There are 2 protein chains.
Amino acid sequence: MSTMTTASPDALAQRLADSGLRSTPQREVIYDVILRKRDHPTADEVYARVRADLPSISLATVYNCLETLVQCDLVRAVNFERAPTRYCPNLHPHAHFHDEQSGSIHDIQLPAELLEKISAVLPAGYDAKSLQITFRGKAQPAA
Amino acid sequence: MSTMTTASPDALAQRLADSGLRSTPQREVIYDVILRKRDHPTADEVYARVRADLPSISLATVYNCLETLVQCDLVRAVNFERAPTRYCPNLHPHAHFHDEQSGSIHDIQLPAELLEKISAVLPAGYDAKSLQITFRGKAQPAA
DNA sequence: CTTGCTACTTAGAACCATTCCAATTTGTTC
DNA sequence: GAACAAATTGGAATGGTTCTAAGTAGCAAG
Ligand SMILES: [Mn+2]
Ligand SMILES: [Mn+2]
Ligand SMILES: [Zn+2]
Ligand SMILES: [Zn+2]
C-alpha cells in the first residue's frame, strides 16, 4: 500500500531520507510527541512536551522541524482563524470541529462520497488542490 | 423578509442603531468601499481605498470599523492560513476558493442541500454554530 | 445655546506567533 | 579525521493586529 495514514515512528527516517534530509533527535522526538498524543498541539505545546526529552531544544528548531514534517507529509498544519497554527497527525482527509468551550479540536471523518459532492460544486475552470472544512460550536464529550 | 443579503448602504445606519451604535463617516465609507468592489480586501486594502475619501482616517479606525461591521453582521471576516484577515460582503452561506496564482478569492455558491449533507456528518453531541469551507488551487478566468 | 456625558477616532506603543540571521554544532563522505 | 553540507541555536526582526491614552464629535438635558 502506498499511502500510509498512521505512520510508525520508524517511517520518519525513511521519509526524511526520501527527501534527502537527515533524521535527527529533534525531528524524531517532535514527530513522536505528535503521534503519541493525537490532539492538535501548537508549536508552543510541542515545544513544552519535547523539552521533557530534549531540555536544550530551541523553539526555532521546533518550528523548523514541524515545517520539515509538514513538507514530508507526515503531519498536517491546520489553522483556525488567526490563532497559532496547530499540527495534526491524522493524514486521512477529515474535517475539524473547534469546540469553543474547551478550545479543543476534534477530527471529523468525511465519507469519500461526500468529498466528491463537495468538489463537484466547483464551476468549470476551478481546479482545487486542497479542501479545508472547519466546524465551530459546542461539542458534548461523547459517552 | 428578515434576512438581507445585499444590504444597501442605507441599511448601515439602521443596523448600527439597532445595536446602539452611531453612524459615522468612517463607518459609512468603509462599508461602502466593501460593498462597491466585492472582492475580499484585507484591512490594509480597505485602508488604501478609504483614504481616497477620508485622507486622515487612521488604520486603527479601519480595524475598529471592520470589527463593528462584522459584529453587526454586515460583513464577514474570512481567514486563509495565517494571511491577513479578509472581509467579505457576501452574507449568503458560501465557500471560498483561494487562487494560488493570483492570490484572489472567489465565492463559491453552496446548495442548501449540500450544506445539510455536510452538517449531517457530525456525530451526535456536536452542535456546529458555523461552518467554513475553503478550496485552494488554480482557477481559470471564466470566459 | 452651554454644559456634561458618552461614543468614536486617532497616533503610536505594545503584542506575539513566526521567520530570519549569523554563529555553532553535528553528521557524512572521502 | 579533514572537509563539506545540513541542522540547530539564541536572539533579533517582522508584521498583522490590538491596546492605550489623549483628543474630538455628537447628543441630552438644563
Ligand atoms: Mn482556536
Ligand atoms: Mn492568502
Ligand atoms: Zn486533524
Ligand atoms: Zn466571500
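None of these values were measured; they are calculated from a predicted model. By convention in this document, chain letters (A, B, ...) are assigned in the order of the sequence lines, proteins followed by strands, and residues within each chain are numbered from 1. We use all heavy atoms of the structure for the numbers below, so side chains are in, but hydrogens, waters and symmetry mates are not.
Shortest non-hydrogen contact noted between A/P93 and A/R76 is N-NH2, 4.4 Å.
First and last contacting nucleotides of DNA chain D toward chain A (any atom under 4.0 angstrom from a heavy atom, 5' to 3' order): D/dA5 to D/dT17.
Applying the ring pair (Phe, Tyr, Trp, His ring centres under 6.0 Å) test to A/H96 and every residue at least two apart in sequence or in another chain returns A/H40, A/F80, A/H94. Judged as a salt bridge (Lys or Arg N to Asp or Glu O under 4.0 Å), and not counting sequence neighbours, A/E67 has no contacts. With sequence neighbours left out, A/A48 forms a side-chain contact (heavy atoms from CB on, under 4.5 Å) with no residue at all. Scored by the ring pair (Phe, Tyr, Trp, His ring centres under 6.0 Å) test, A/F135 finds no partners at all (sequence neighbours excluded). Qualifying side-chain hydrogen bond (donor to acceptor under 3.5 Å, both in side chains) partners for A/T68, counting only residues two or more places apart in sequence or in other chains: none.
Contacts classified as ring pair (Phe, Tyr, Trp, His ring centres under 6.0 Å) and involving residues 50-74 of chain B (residues at least two apart or in different chains) are not found. Residue pairs satisfying the ring pair (Phe, Tyr, Trp, His ring centres under 6.0 Å) criterion with at least one member in residues 99-124 of chain B, sequence neighbours excluded, are listed as follows: A/Y126-B/H106. Applying the salt bridge (Lys or Arg N to Asp or Glu O under 4.0 Å) rule to pairs touching residues 47-56 of chain B yields B/D39-B/R49, sequence neighbours excluded.
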Item to check | Base-contact (B) and sugar-phosphate-only (S) positions in nucleotides 20-30 of chain C, heavy-atom cut-off under 4.0 Å, - elsewhere | outcome: B-----BBS--
Using a 3.5 Å cut-off and no angle test, enumerate the donor-acceptor pairs between side-chain atoms of residues 108-116 of chain A and protein atoms at least two apart in sequence or in another chain.
{"from": "A/E113", "atom 1": "OE2", "to": "A/K117", "atom 2": "NZ", "distance (Å)": "2.3"}

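When the P atom of C/dT19 is taken as reference, atom CD of A/E67 falls 7 Å away, rounded to whole Å. Taking atom CD of B/E81 as the reference point, atom C1' of C/dA17 lies 15 Å away to the nearest angstrom. In this structure, the OH atom of B/Y63 is 15 Å from the C1' atom of C/dT10, given to the nearest Å. Straight-line distance from the CG atom of A/L59 to the P atom of C/dC16: 14 Å, rounded to whole Å. Distance CD (B/E28) to C1' (C/dA7): 15 Å, rounded to an integer number of Å.
Heavy-atom distances under 4.0 Å link DNA chain C to no residue of residues 42-55 of chain B.
Taking OG from B/S102 and NZ from B/K138, the interatomic distance works out to 12.0 Å, rounded to the nearest 0.5 Å.
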